[in-house]
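In what follows, a single structure is set out as structure tokens and then discussed.
Order of appearance sets the numbers: ligands from 1, and atoms from 1 within every ligand. Bear in mind the structure is a predicted one, so any value in this text is a computation, not a measurement.
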Amino acid sequence: MSRTSASGGGAPSRRTITAQLFPSEATTPWSDLSSKQRRAVLRQEESLYTWKISRSTDAIYASKCESTVYVTPSLDPHPCSECDALYSIHKFQVAINRPMPDETNMKYVPKAYRCPELGEIYLKYKGVRELVEKDDGRSPWLKFAQRVINGDFKSETLLGMVEALVIKSDRLRKGKGLQNMKYSSTFTNFCNLLASTSTRAYQTFRRHFGGQVMSNIRFVVCPLSFL
Ligand SMILES: [Zn+2]
């Protein structure tokens, strides 16, 4: 599922469908077909899919899926016979065993074979495809992003630290210095506390994540010093 942004597979090739629908255009390159002809081919292709990809349920179904299977309550439901039969289709085997192209080569996937909505998001935000699809959506970075959006991470220090790291790397990438960088107040308090505990520890931390220069640190009475 992560190798393609198409919504299904197993249909005859677009060239074959074009030849069936528009015999006079049988050898016309895809890009030279009119938008009306291309739309007709894509609709026909979708109607001929042998399998359909459901991203919302993270599953692939046979187009002729029986929808219902009968099992005893103690057993996990098995796929219906139509879905199960997909494994015996050569085209399906080829599709599921095709190696994953890497992020840099993915942009060469012909536009016609991409889901336009997903494709637009992927094109607009470089790296999003890899983030979303890496390890079939199980990458810790995707989980992190989802939990930030869900508000699961309550630590403003952690988020301030990540934010500082991102802003710092952005600035360095653009050849800018780190002067006048704004930090969240929670992150600044954390930096003050860390620097008050150990200036060397803070300087090491700052090299990696950013933070106020030492001259801007407000030294605080560190709770750790009472231990
Ligand atoms: Zn089924």
Thr157 and side chain to side chain contact (heavy atoms under 4.5 Å, CB included): which partner among Thr186, Asn189, Leu193?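 That would be Thr186; it is the only one of Thr186, Asn189, Leu193 passing the side chain to side chain contact (heavy atoms under 4.5 Å, CB included) with Thr157.
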
Among residues at least two apart in sequence or on other chains, which ones pass side-chain contact (heavy atoms from CB on, under 4.5 Å) with Phe209?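 Applying side-chain contact (heavy atoms from CB on, under 4.5 Å) to Phe209 gives Met161, Leu165, Phe205.
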
Using salt bridge (charged side-chain N to carboxylate O under 4.0 Å, His left out) as the criterion, point out the one residue from Arg38, Arg15, Arg39, Arg14 that pairs with Glu45.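 For Glu45, the salt bridge (charged side-chain N to carboxylate O under 4.0 Å, His left out) check succeeds only for Arg14.
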
Pull up every protein N/O/S atom sitting under 2.8 Å from the Zn ion (ligand 1), skipping waters.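 You should have found Cys65 SG, Cys80 SG, Cys83 SG.
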
Straight-line distance of Leu194 CG to Gln203 CD, nearest 0.5 Å: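 Rounded to the nearest 0.5 Å, the CG-CD separation comes out at 10.5 Å.
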
Using salt bridge (charged side-chain N to carboxylate O under 4.0 Å, His left out) as the criterion, list what pairs up with Asp170, not counting sequence neighbours.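 By the salt bridge (charged side-chain N to carboxylate O under 4.0 Å, His left out) rule, Asp170 matches Arg173.
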
Pairwise ring-ring contact (aromatic ring centres under 6.0 Å, His included) hits with a residue in residues 37-82, at least two apart: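 Output for this query lists Trp51-Phe92.
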
